[in-house]
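Below you'll find the structure, written out as structure tokens, and then a few comments.
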Amino acid sequence: MKPASSRAARRRAQKGNTPGAITVADIAGRVAKAKVKGAGKPQEDRAKRILTSFLQTAQTYGMPVSEVVAEMASGKAAWRLGHAVRDEIMKAPPEAVTNAACTQGCAFCCILSGGEGGVITAFEATQLHQAASPLAGQPDGRAWHPEACPALDPETRSCRAYEARPMICRSFLSTDALACESNAAGGTEKGAGLLGSHLDYLVIHALCRQALKGITQVHSYSMAATAASAVAGDDTETGLAKARHKPSALDTACRDAVRAAQA
Ligand code: SF4
Ligand code: SF4
């Protein structure tokens, strides 16, 4: 069955009294059966529990199924749930947080070696593109380092899209800035990594994609390509079309994040 467009899915979802129309309970059933390549059962089960609790809350408060589908498809659901987990972690911050060397103007982590910059959702790509678009025509991060994020200020080395920065930028931290500098140049120093909430966010988004198969399409995007398109002056629709990943990118990101968490 050819996947329907988001608009078509919303139309279907809004026909709440049509026989065969999807319900939030149907989506919860799909989540229960979904599999995420490379995530491993413990992480998959954990992400299912978090996403199922979101769906139960949506049912309790009578959230229309069209909104549930739209939030899951855009990545807003993964974003919200990832943030909720992050907030929990921050109530009793681990040593990686309390000993973090991160300061304003330290931007080796904004050097996106390989040109990808990490997997982001449609929700994040839209926000980042809109925040970075007014910077078109100005010197960007690549004036400091050829592989730096275009949203970076090349003089101050601070993020010029701070409020719109994706989850990966909010999750990455390090206890050693020199290790970050070395790793940006291809090194493999220890000390830098992602908060555990990032893994939850990625696997939840991958579960959303599996659960919505045949209902609507769920994409992921390259952060670097999204920011580059914005400062090149593209409109958001064009920018997202250029930055859209192949489906395998999300599976690879989940697998890599699980391996990093186990290292
Ligand atoms: S993650 Fe590394 S490069 Fe980024 S702010 Fe922290 S110490 Fe600096
Ligand atoms: S969006 Fe901001 S924080 Fe993230 S890589 Fe780009 S400049 Fe750095």
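Atoms within a ligand are numbered from 1 in the order they appear, just like the ligands themselves.
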* Minimum heavy-atom separation for Tyr221 to Glu116, with atom names? ->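 Heavy-atom minimum between the residues: O-OE2, 4.4 Å.
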* Would you mind listing which atoms of ligand 2 come within a distance below 4.0 Å of any non-hydrogen atom of Met223? =>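 Once the distances to Met223 are compared, the set is 5 (S).
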* Which of the atoms in ligand 2, numbered in the order shown and given with their element, are less than 4.0 Å from a heavy-atom of Leu152? -> 7 (S)
Between the side chains of [X] and [Y], is a donor N or O closer than 3.5 angstrom to an acceptor N or O?
X: Ser133; Y: Gln130; answer: no
X: Asp26; Y: Thr23; answer: yes
X: Ser248; Y: Asp251; answer: no
X: His245; Y: Ser220; answer: yes

* Asked: What residue and heavy atom of the protein are closest to atom 6 (Fe) of ligand 2, and at what distance?
  -> Cys149 SG, 2.4 Å
* Asked: How far is atom 2 (Fe) of ligand 2 from its nearest protein heavy atom, and which residue and atom is that?
  -> Cys159 SG, 2.3 Å
Pair up each side-chain donor or acceptor in residues 92-115 with any protein partner under 3.5 Å, not counting sequence neighbours, and list the distances.
{"residue": "Thr98", "atom": "OG1", "partner": "Glu95", "partner atom": "O", "Å": "3.3"}
{"residue": "Ser113", "atom": "OG", "partner": "Ala184", "partner atom": "O", "Å": "3.1"}

* So how far is it from Leu152 CG to His145 NE2, rounded to the nearest 0.5 Å? ->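 These two atoms lie 11.0 Å from each other.
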* Who pairs with Lys91 by salt bridge (charged side-chain N to carboxylate O under 4.0 Å, His left out), at least two apart in sequence or on another chain? -> Glu88
* Please list, in chain and residue-number order, the protein N/O/S atoms closer than 2.8 Å to atom 4 (Fe) of ligand 1. => Cys109 SG
* Is the distance from atom 4 (Fe) of ligand 2 to the nearest N/O/S atom of Cys169 under 2.8 Å? -> yes
Determine all donor-acceptor pairs shorter than 3.5 Å in which one atom belongs to a side chain in residues 254-263; sequence neighbours excluded.
none

* Asked: For ligand 2, is any non-hydrogen atom under 4.0 Å from Arg160's backbone (N, CA, C, O), its side chain (CB onward), both, or neither?
  ->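 The answer is neither.
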